[in-house]
Amino acid sequence: MGVTIRTLHPWAVDAAEGRRLQHTLREQLCLKTPRGFRPQRVAGIDAGIVDGGRTIRAAVVVMSLPDLQVIAQSVARAPAIMPYIPGLLSFRELPGVVAALERLEVTPDLLLCDGQGIAHPRRLGIAAHLGLITDLPAIGVGKSRLVGTYREPRSEKGATSGLYDGHERIGTVLRSRDHVRPLYVSPGHRMSHEDAVHWVLACCTRYRLPEPQRAADRLASAKEAPA
DNA sequence: GCGACAG
DNA sequence: ATCTTGTCGC
């Protein structure tokens with residue numbers, strides 16, 4: 001029941017140590033989708049700050065596939081120890097996310113995370129990092145770009161364009177609905193580029209963001225603070 | 001040295 | 001991330 005978290009390292013690190021850990025951890029990433037992968041429970045994950053910046057509050061909402069009905073949800077908080085440093089977001093937000101996952105009553109098949117997967121300077125964005133410590137398939141869904149170059153995808157829903165760092169494919173720029181700014185989708189762990197796009201689209205109905213993430217957003221920033 | 005820079 | 005209302009456009 002719930003999600004088991006592997007403790008691979010401490011969260012409070014300085015920038016140099018954080019980057020060193022990322023270089024080491026990326027070696028353990030798997031960019032292949034499990035054989036016959038058919039997720040039935042997708043978790044949308046989001047984190048935000050409260051207490052005027054002193055606390056991270058994270059929310060997880062698990063939905064069924066393909067119907068996208070809420071199955072379970074959880075909220076938790078953790079001290080905001082680390083500042084926000086581009087490239088080191090996971091060290092700041094994951095402590096809260098881990099706390100929320102630990103109190104979840106079900107085990108998701110797939111994690112959709114706000115931010116990048118491998119579309120990161122050292123290929124270890126928050127979705128890749130979370131996938132590693134949970135050992136679950138994970139996808140990074142960013143609302144904006146961290147690194148990489150691309151050609152603008154066409155404006156209809158489903159249009160895609162490769163995101164590259166030099167000649168290396170690091171993600172996909174995806175139009176999740178007609179005439180909206182695209183999403184930056186990249187594999188986190190146990191996931192291919194192609195399947196990442198497929199499952200993100202499977203969660204997008206009438207809004208730019210996947211439903212599980214919209215639900216998690218609401219929960220994480222709800223005024224009636226559950227946690 | 002200068003600009004870029006997930007949430 | 002967060003500050004903030006109505007408004008223009010697909």
Side-chain angles (χ1 to χ4, degrees), chain A residues 11 15-16 18-19 21-22 25-26 29 44-60 75-100 111-132 138-150 152-159 163-166 170-189 196 200 206-210 212-214 216-223 225 227:
Chain A
W11 292 114
R19 295 187 186 102
L21 280 167
Q22 292 176 328
L25 293 170
R26 68 177 291 188
L29 288 177
I45 298 170
D46 185 53
I49 54 174
V50 291
D51 287 342
R54 285 175 284 109
T55 302
I56 298 292
R57 183 165 65 184
V60 179
V75 182
R77 48 175 69 198
I81 310 165
M82 297 283 288
Y84 167 66
I85 299 172
L88 295 176
L89 176 67
S90 60
F91 290 91
R92 173 171 168 78
E93 298 192 338
L94 286 187
V97 172
V98 165
L111 308 179
L112 292 190
C113 215
D114 265 38
Q116 317 300 327
I118 62 170
H120 176 280
R122 291 165 295 281
R123 308 293 178 266
L124 203 85
I126 188 166
H129 202 159
L130 181 59
L132 268 189
I139 298 171
V141 181
K143 295 185 290 296
S144 63
R145 183 197 69 97
L146 174 58
V147 293
T149 57
Y150 64 95
E152 197 66 24
R154 296 188 341 193
S155 60
E156 339 79 67
K157 176 175 182 174
L163 179 63
Y164 295 87
D165 187 350
I170 59 173
T172 303
V173 182
L174 170 69
R175 201 74 71 178
S176 54
R177 59 156 300 176
D178 290 354
H179 309 297
V180 297
R181 285 160 43 213
L183 294 179
Y184 299 79
V185 178
S186 58
H189 184 49
V200 165
R206 36 188 334 209
Y207 299 93
R208 181 165 88 115
L209 293 179
Q213 295 201 349
R214 294 187 67 242
D217 279 5
R218 288 196 309 92
L219 197 53
S221 56
K223 184 164 186 178

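A, B, ... follow the sequence lines: proteins, then strands. Residue 1 opens every chain. No hydrogens, no waters, no symmetry mates; every other heavy atom, side chains included, goes into these values.
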Participant: Starting at CD1 of A:Ile85 and ending at C1' of B:dG7, how long is that distance when rounded to a whole Å?
Facilitator: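 It is 13 Å, rounded to the nearest whole Å.
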Participant: To the nearest angstrom, how far is A:Leu163 atom CG from B:dC5 atom P?
Facilitator: 13 Å
Participant: To the nearest angstrom, how far is A:His120 atom NE2 from B:dA6 atom P?
Facilitator: 11 Å
Participant: With heavy atoms under 4.0 Å as the rule, sort A:Ile45 into base, sugar-phosphate or nothing.
Facilitator: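 The residue A:Ile45 makes no contact with any strand.
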Participant: For A:Asp217 and B:dG7, what is the distance between atoms CG and C1' respectively, to the nearest whole Å?
Facilitator: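 Computing the A:Asp217:CG to B:dG7:C1' distance gives 11 Å.
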Participant: Provide, to the nearest angstrom, the distance between the CZ atom belonging to A:Phe91 and the C1' atom belonging to B:dA6.
Facilitator: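 Checked: the CZ to C1' distance equals 14 Å.
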Participant: Protein within reach of the bases, or only the backbone? For nucleotides 4-10 of chain C, mark each nucleotide 5' to 3' as B, S or -, using heavy atoms under 4.0 Å.
Facilitator: ------S
Participant: Just do the side-chain contact (heavy atoms from CB on, under 4.5 Å) check on A:Gln213 and A:Ile45 with the steps written out, would you?
Facilitator: CA-CA 6 Å; A:Gln213 295 201 349; A:Ile45 298 170; over 6 Å; no
Participant: Kindly say if A:Lys143 contacts the phosphate of B:dA6, meaning a side-chain N or O under 4.0 Å from OP1 or OP2.
Facilitator: no
Participant: OP1 or OP2 of C:dA1 versus the side-chain N and O atoms of A:Ser221: is any pair under 4.0 Å?
Facilitator: no
Participant: With side-chain contact (heavy atoms from CB on, under 4.5 Å) as the test, pick out the partner of A:Ser186 among A:Val141, A:Ile139, A:Ile170, A:Ile118.
Facilitator: A:Ile118
Participant: A:Leu163 vs A:Val147, test: side-chain contact (heavy atoms from CB on, under 4.5 Å). Steps then yes/no.
Facilitator: CA-CA 9 Å; A:Leu163 179 63; A:Val147 293; over 6 Å; no
Participant: Return the orientation label for the A:His129 and A:Trp11 ring planes: parallel under 30°, perpendicular over 60°, tilted otherwise.
Facilitator: tilted
Participant: Between A:Arg92 (CZ) and C:dT2 (P), how many Å, whole number?
Facilitator: 10 Å
Participant: Got a donor-acceptor contact below 3.5 angstrom from the A:Arg208 side chain to the A:Ser176 backbone?
Facilitator: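 Looks like no, no N/O pair under 3.5 Å.
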Participant: Is there aromatic stacking of A:Tyr84 on C:dA1 here, judged by a ring-centre distance under 5.5 Å and a plane angle under 30°?
Facilitator: no
Participant: With heavy-atom distances below 4.5 Å as the criterion, would you say the side chains of A:His189 and A:Leu130 are in contact?
Facilitator: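 In short, these two side chains do not touch, never coming nearer than 4.5 Å.
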Participant: Please state how far atom CZ in A:Arg19 lies from atom P in B:dA6, giving the value in whole angstrom units.
Facilitator: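 These atoms are roughly 14 Å apart.
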Participant: Under 4.0 Å between any heavy atoms, over every strand shown, what does A:Gly125 touch: base, sugar-phosphate, or nothing? Just pick one.
Facilitator: base
Participant: To the nearest Å, how far apart are A:Arg145 CZ and B:dG7 P?
Facilitator: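 Going from A:Arg145 (CZ) to B:dG7 (P), I get 12 Å.
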Participant: Counting any heavy atom closer than 4.0 Å, what does A:Gly140 reach on the DNA or RNA strands: base, sugar-phosphate only, or nothing?
Facilitator: nothing
Participant: Are A:Asp51 and A:Arg57 ion-paired here, with the side-chain N under 4.0 Å from a carboxylate O?
Facilitator: no
